[in-house]
Structures are given as C-alpha cells and as structure tokens.
Amino acid sequence: MTMRTTVAAGIATAALGDEVTLCGWVANRRDHGGIVFLDLRDASGLAQIVADPSLSGCEMVHDVRAEYVLQVTGVVSPRPEGTVNPDLPTGAVEVVAQTVVVLNRSEPLPFPLDETHHGVDESLRLKYRYLDLRKPRMNRNLRVRAETVRAIRQAFDAQGFVEVETPTLTLSTPEGARDYLVPSRTQPGSFYALPQSPQLFKQLLMVGGLDRYYQIAHCWRDEDLRADRQPEFTQLDMEASFVDDVDIRDMVTIAIQRVVGTVTGRDIGEIPSMTWAEAMARFGSDKPDTRFGCELNDVSTVFATSEFRAFAGNAVVAMCVPGAGDASRSRLDAWTDRSKALGAAGLVWMRVTETGVESPVAKFCTDVEIAALIETLGAAPGDLLLMVADARALTCQTVLGQLRLEVGAERGLRPTGLGDQLNFLWVTDFPLFEPESQGDPVPAHHPFTMPHPDDVEFLSTDPLRVRSLAYDLVLNGIELGSGSVRIHRPDLQAEIFSVLGIDEERAEERFGFLLQAFRYGAPPHAGFAFGVDRLVMILCDEQSLREVIAFPKTQSGADPLTGAPGPVDASQLVDLGLRISVPKSPGS
RNA sequence: GGUCCUGUGGUGCAGCCUGGAGUGCACGCCGCCCUGUCAAGGCGGAGGUCGCGAGUUCAAAUCUCGUCAGGACCGCCA
C-alpha cells in the first residue's frame, strides 16, 4: 500500500513512536485555535488526530470540515494523563500529525451521520444512501451480511454441494405471488418473468444428476412491501437427491450453526422441532415465538356442558397472562375489539383472584368449571385469563395466537431486542392443502410437495386432513424459510393435480417441462430455502430489512437514489411492441 | 384496494386541539476568539413557498376536502 501504512483501528496496536499514514473521512473536528483534534474515520474505526496549525504541513486544519477526505502522516503517541477515552478502541493513543493532506473536500451533508441522531427521514437517507452507508452501523450490517453469506457457502461446500446459477429471465407461472415481467424484444408480445424462487430449476438439477445443489439466489415478488418484505430479496436455495426430510433439516442446521457461530460466536446446538399441529395448539401460530410463555390451552372439555352458550359445544381455547390481572377495563375492551377484528366472535376475560375469578361471565360458570380452568392453566391470583370460543378450534388458536404476541409485547413478556435470544425452531408436518375461500383445497406449500406417507390414503377421501413432508424454519417468531420433500413419481403427481382440480392438459401446459423431465428417472429429492435478508436482519438486531440491504426500495417500490422506476424512451417501447395505456399521473 | 401515523430554515422537534405578524428549542452552517478536546467551549450572524392544490374565514402552519411523498399495519405474499 502506498497511500496509507495502516488503518484507523491499527493505531491501537501500533508501537508508540511509529510513524504512520492514515486515510479517511473527518467524522468530527474540535478546533481549539492553537490545537485541533480530528476524528478520522475509515472502515476500521476512528482514530484521533492531533494537529498544531502553526506547523508547516498542518496549516490547513482550520479549514477542514466534516467528511473531508484526508491523508494524515504522524506519530502514534500515548494520550496525556487524564485524556484517555475509554469509549473508543483506539482511545489510549492518538496520532500527532506532521502533515495533513486534503484528498477531497465535501459540501455540508444533507443530514448528520452521527449515530446519536436517530430518526432522520428514511427517504432522505435512501436518496443519499452512499452517505448513510458511511455510518458504522450500516457498514457493520453489510459486513455481517457478507459474513453470513460466506459461512453459508462454506457450510454447503463442506457438505459436497455444488453452487449452480439458474436463470433470472424465465417463464411466468400464474401460481403464487405476482411476477415481475420483462418484455421480449425478439418475440414482441411475449414476456419473461423474474423468478420468485428457483424452485423448478433446482428440481431439474436433481434430474440432471447434480446430487447436491445450492445457490445464493436473488428472487423477485411483485407484492406490497412490509418492514420484512422487499420486492427483490436473497435466499439460500438448496436441493439434494436420495435424502429425506430429516437429512435436509440436518444439512440446513449445519449451515445455520455455522452462520450464528461466525457472526455471534454462539453455539446454538441442535434446533428443536415441533409439528404444525403442536405449534397451533400451544402457540396459535405456524411460526411460534417460543421465547416466552402464555401458551394456549384447549379447555373445550371443561365447558362442554356449560350454561354459558358461547362456550357450550364450541371449541374453547384459553391463555393465561401472568400478572396481567391489573389490566384496565379499557385495555381489556381494546383486546376484545382486536379479537373481533381478527375473526373471533368475542373475547372472554377473567381476572384470577384469591377466591376465584372476576369476570362479566363468571355468573354463567360453575365453581367446578372455574376450578378446572385455573388448574389446567396453572393460573395464580393476579393473572389474567383470555379465552376465545368458536365452532372451529383453528379460529380460536389463530386469534389467541396473535393476541398472545400483542399482549405479550405490551406486558413486556415478549422480548423486544431480537438479538438477545435466538430461538430457532423447525415446524414440521404442515398440512398438504389448505381450504380456499370456497373450501376447495389449494397447496399450502406448492403442488410438488410430497404427502406424508401415513396420510396418502386420505388424498381422495379427506384431502384437507393430509399432512405433508413440508417444514419451516422459524426464528423468534419470524418465518425464515421453508422446504419439503418433492414428489418424484409422475403417478402421485397426477393424483395431487387431480385433487387440486388441475386436469392433465392444464398441468401439461403449466409444468409440462418438469413433468416430462420426471418421466426419465427423477431421483427422490428434497430441499429448502431461507431468506438471507431476514436472517441477517435478526442477527443485526434490526427491525427492518432495509437496514441490511445496501440499496433498498421504499414501501411504494421506489428507489429515491436512482429514481427507479422511471419512464423509458418511446423508441424503447416501439422495439418491445408495447404501448402505454395508463395516463401519466400529474405527480409531484 | 383499505386503516392509521408523519410532512414546519440543511437536520431533528415543538407550535395545530382552542385560527390573529414565520413564534420557539436543539443540532448543523457562516464569521470571530480560544493549546487537551472527544456531543469541545464563548460571542455574533445567516438561513422559511409551514409538502402541493382547492375551500371556509376579515384572517389559515393551525379548520375542511383533495392530492403527493415517507412509514406501520390489513388485504396480498403457492
């Protein structure tokens, strides 16, 4: 290196008296007139420069401003007694400047980079993302991301996987999310679609004998954005042949262990498993946050013959919130409204007291029922019981499951710092189908998912009862990814299509190339994919995906930096055989 | 498609409910002073289409409607 001999963090370990040359940005200056302190920032950290403006070579330090780019040569020196800064890794030393060269100047910034200033308007940060990225926090997040991807590659490489790239210009399939479309110039009127995932290609790679495939794959879904959803995102995509679901989960677990070990130094050990049915029964969610209690309990039998008409004959699910008996009536009313919004008929609450319960519906319940309820939930005086009754147990579970998260957060039971505790969890045995609005079965995962071998007999008689060999990976109540054993036999695939109401002609039209491939000896195979952005977000303890993506999009899918999406030249449309029918809105 | 929150010098806020002169706070910026700071300090100064457009009113940052932008959420995301 010729421009610098060390980086800012390097002065902490440099020998005292060494002459060093540093390059970096002025993070802060403290100009005392006869002496000037500069905090020089580079990718490694901060170094304090002390300059005497009366020295030749340092005259210009009075003119230095924030974010000027400097090259500083000086001597690493111990800080005088009493001026050591214990908050800084380099705080015991400083560089006494001999020469300060301004490599580039900077206009005053549109917003402060100071980490103590929070809440700068996000569209402003994104418009000047290259400045925003100078913040140590953003720099760190992108480094964590790189470490994560590297650890993933190392883990799969070590297990004999082959990294293969699949096309990003591919065929649109009407299932699933809305596709991003790319018009074809050579075939006007036809379109490519950007892949929502490499699903079909990775199965073809198994037919192609690759045996073990993985990819850090970019994927696109044209759906509305959320804090944890960007229109383009990255997933670890993998598939293996001659393996079962347990093998796949073991392979992914090894990668997750390696990532967490690399990034946090922690050993997460084995990842526990739970069936979907157990997750729904205990947590009312297929992605349970297992970091706190308040588990659900089915108390239908307690109230089977109850005088309370809302309970009798219905499924009744209850949850005990420890210490929440002091919740105000207005909070209880708000939770009741919330339950109704979530699809419940109502919410029954009971405050547990020394002598029994206090509740608007207590008069409809017998002492025996109350005693059994308290016994089942293990409730103590001061606790709050919340109950939902419905003809369908699943409705009770999902409503109470969502309420569990919200009440848990409000009562301080659910951890807010996502990074403190990493509760990974495998959720297995998902249903193969879920009922669509008209009640017809639609794939819960995707139509190539293998039914659970114990349930195949119900495919024709009671399809909604059939479990699948599909599994999700959950972290702290957030779905990281999902996978499944795939169907490799054409006859079973045809039966699934038949349940889904997809006739042979239609199946051939949509997935013909895959079905044909499977006629030439497709190996049994299974796979998985998880969201790299989401994993990194949690490891960085961030609340939004945008904090771990270098150049993310706003909620309306725009990029304030480049202005994308934007109009194109009329001649480009002519080349593509396209004509715009939507009038341009007046805009801003 | 829907619900809610936000929009005020370069930045972050207060002001809005209860209309009365662009009023205030902190940071930043510019100038001067200053040899041990690390959110340096002192003194002085500049900087405004209150997102945009209508309406109500003698009078609108403030009330009403519309619209644009950003954010959270519902729908959506096999």
Side-chain angles (χ1 to χ4, degrees), chain A residues 27-41 46-55 62-63 65-67 77 79-88 90-91 94 96 106-128 131 173-179 196-197 199-200 219-231 233 338 341-343 402 406 430 432-434 436-437 441-449 468 470 479 482 484 496 500 502 510-511 531 543-544 546 553-558 560 585-588:
Chain A
N28 196 14
R29 80 196 146 97
R30 294 174 293 279
D31 188 338
H32 291 227
I35 185 172
V36 178
F37 298 94
L38 299 174
D39 291 338
L40 198 70
R41 183 196 65 240
L46 288 182
Q48 174 163 286
I49 311 294
V50 192
D52 179 348
S54 65
L55 288 180
H62 283 310
D63 303 322
R65 294 293 180 267
E67 300 304 314
S77 311
R79 295 197 186 184
E81 183 99 25
T83 64
V84 167
N85 184 348
D87 300 329
L88 217 56
T90 59
E94 59 195 6
V96 179
S106 172
E107 293 180 18
L109 262 42
F111 59 91
L113 300 187
D114 200 325
E115 300 279 342
T116 60
H117 291 86
H118 292 292
V120 174
D121 181 72
E122 209 176 326
S123 60
L124 194 65
R125 288 177 59 201
L126 292 183
K127 181 177 178 184
Y128 298 95
L131 298 179
T173 53
E175 287 74 23
R178 190 178 295 110
D179 283 322
Q196 300 171 25
S197 84
Q199 182 61 38
L200 300 179
C219 306
W220 291 264
R221 290 177 191 175
D222 189 3
E223 297 291 349
D224 286 353
L225 284 73
R226 290 284 190 282
D228 62 352
R229 271 169 26 195
Q230 281 275 306
F233 58 98
R338 181 68 180 143
L342 290 166
Q402 184 60 36
E406 296 174 16
F430 270 73
L432 186 61
F433 306 109
E434 54 194 30
E436 191 217 15
S437 47
V442 294
H445 187 49
H446 60 59
F448 316 112
T449 304
S468 68
E479 182 192 330
S482 58
S484 62
I496 298 293
L500 294 172
I502 301 173
R510 289 195 203 175
F511 313 112
Q543 306 293 318
S544 164
R546 296 185 297 274
K553 307 260 190 298
T554 66
Q555 201 162 68
S556 65
S585 63
S588 48

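For clarity, every value in this text was computed on a predicted model and none was experimentally measured.
OP1 or OP2 of B/rC30 sits under 4.0 Å from a side-chain N or O of A/R65. In this structure, A/T554 reaches the B/rG70 phosphate: one of its side-chain N or O atoms is under 4.0 Å from OP1 or OP2. Residue A/Q555 places at least one side-chain N or O under 4.0 Å from the OP1 or OP2 atom of B/rA72. In this model, the phosphate group of B/rA72 is approached by a side-chain N or O of A/R546 to a distance below 4.0 Å at OP1 or OP2.
Within the shown strands, nothing qualifies as a pairing partner of B/rG48 under the Watson-Crick or G-U definition with both distances less than 3.5 Å. The base-pairing partner of B/rC65, taking Watson-Crick or G-U wobble contacts with both distances under 3.5 Å, is B/rG53. Nucleotide B/rC13 forms a pair with B/rG24, judged by Watson-Crick or G-U wobble geometry with both contacts under 3.5 Å. Base-pair partner of B/rC4: B/rG71 (Watson-Crick or G-U wobble, both distances under 3.5 Å). In a base pair of the Watson-Crick type (N1 to N3 plus N6-O4 or O6-N4) or a G-U wobble (N1-O2 and O6-N3), with each distance short of 3.5 Å, B/rG41 is matched with B/rC33. A 3.5 Å limit on both hydrogen-bonding distances identifies no Watson-Crick or G-U partner for B/rC77.
For the pair A/S468 (side chain) and A/F430 (backbone), a donor-acceptor distance under 3.5 Å is present.
A stacked arrangement is assigned to A/F37 and the six-membered base ring of B/rU37, with a centre-to-centre distance below 5.5 Å and an interplanar angle below 30°.
Applying the salt bridge (Lys or Arg N to Asp or Glu O under 4.0 Å) rule to A/R30 yields the partners A/D39; only residues at least two apart in sequence or on another chain are considered. With sequence neighbours excluded, no residue satisfies salt bridge (Lys or Arg N to Asp or Glu O under 4.0 Å) with A/E434. A search for salt bridge (Lys or Arg N to Asp or Glu O under 4.0 Å) contacts involving A/D228 returns A/R534, not counting sequence neighbours. Residues meeting the salt bridge (Lys or Arg N to Asp or Glu O under 4.0 Å) test with A/D31, sequence neighbours left out: none. Scanning for side chain to side chain donor-acceptor pair (under 3.5 Å) contacts around A/T173 gives an empty result, with sequence neighbours left out. Scanning for side chain to side chain donor-acceptor pair (under 3.5 Å) contacts around A/T83 gives an empty result, with sequence neighbours left out. When the side chain to side chain donor-acceptor pair (under 3.5 Å) test is applied to A/E67, the partners found at least two apart in sequence or on another chain are A/R41, A/R134.
Between the CG atom of A/L46 and the P atom of B/rA39 there is a distance of 11 Å, given to the nearest Å. Rounded to an integer number of Å, the gap from A/R29 CZ to B/rA39 C1' is 14 Å. A/E67 places its CD atom 14 Å from the P atom of B/rG28, with the value rounded to the nearest Å. Taking atom NZ of A/K553 as the reference point, atom C1' of B/rA69 lies 17 Å away to the nearest angstrom.
Using a 4.0 Å heavy-atom distance criterion, A/S556 is classed as a sugar-phosphate-only contact. Nucleic acid contact class of A/D121 (heavy atoms, under 4.0 Å, all strands): sugar-phosphate only. Within 4.0 Å (heavy atoms only), A/D31 reaches at least one base atom of the nucleic acid. Residue-level contact check: A/E94 touches the bases, meaning some heavy atom is under 4.0 Å from a base atom. At a threshold of 4.0 angstrom between heavy atoms, the contacts of A/L124 are confined to the sugar-phosphate backbone, with no base atom among them.
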Give each protein N/O atom lying under 3.5 Å from an N/O atom of nucleotides 42-48 of chain B, with the pair distance.
none

Return the polar atom pairs (N/O with N/O) between nucleotides 75-78 of chain B and the protein under 3.5 Å, or none.
unit_1: B/rG75; atom_1: N7; unit_2: A/R226; atom_2: NH2; d: 2.8
unit_1: B/rG75; atom_1: O6; unit_2: A/R226; atom_2: NH1; d: 3.0
unit_1: B/rG75; atom_1: O6; unit_2: A/R226; atom_2: NH2; d: 3.1
unit_1: B/rG75; atom_1: N1; unit_2: A/D224; atom_2: OD2; d: 2.6
unit_1: B/rG75; atom_1: N2; unit_2: A/D224; atom_2: OD2; d: 3.3
unit_1: B/rC76; atom_1: O2'; unit_2: A/E223; atom_2: OE1; d: 2.6
unit_1: B/rC76; atom_1: O2; unit_2: A/R229; atom_2: NH2; d: 3.0
unit_1: B/rC76; atom_1: N3; unit_2: A/R229; atom_2: NH1; d: 3.1
unit_1: B/rC76; atom_1: N3; unit_2: A/R229; atom_2: NH2; d: 2.9
unit_1: B/rC76; atom_1: N4; unit_2: A/R229; atom_2: NH1; d: 3.2
unit_1: B/rC77; atom_1: O2; unit_2: A/R229; atom_2: NH1; d: 3.1
unit_1: B/rC77; atom_1: N3; unit_2: A/R229; atom_2: NH1; d: 3.2
unit_1: B/rA78; atom_1: O4'; unit_2: A/G176; atom_2: N; d: 3.3
unit_1: B/rA78; atom_1: O3'; unit_2: A/P443; atom_2: O; d: 3.3
unit_1: B/rA78; atom_1: O2'; unit_2: A/P443; atom_2: O; d: 3.1
unit_1: B/rA78; atom_1: O2'; unit_2: A/A444; atom_2: O; d: 3.4
unit_1: B/rA78; atom_1: O2'; unit_2: A/H445; atom_2: O; d: 2.3

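When side chains are defined from C-beta on, A/P443 does not count as touching A/L432, because their heavy atoms never get closer than 4.5 Å. Contact check for A/D222 versus A/P231: no side-chain heavy atoms found under the 4.5 Å cut-off.
The residue among A/T83 and A/A227 whose nearest nucleotide of RNA chain B is located toward the 5' end is A/T83.
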A/R546/A/E122 under salt bridge (charged side-chain N to carboxylate O under 4.0 Å, His left out): CA gap, chis, key distance, verdict: CA-CA 10 Å; A/R546 296 185 297 274; A/E122 209 176 326; 2.4 Å; yes
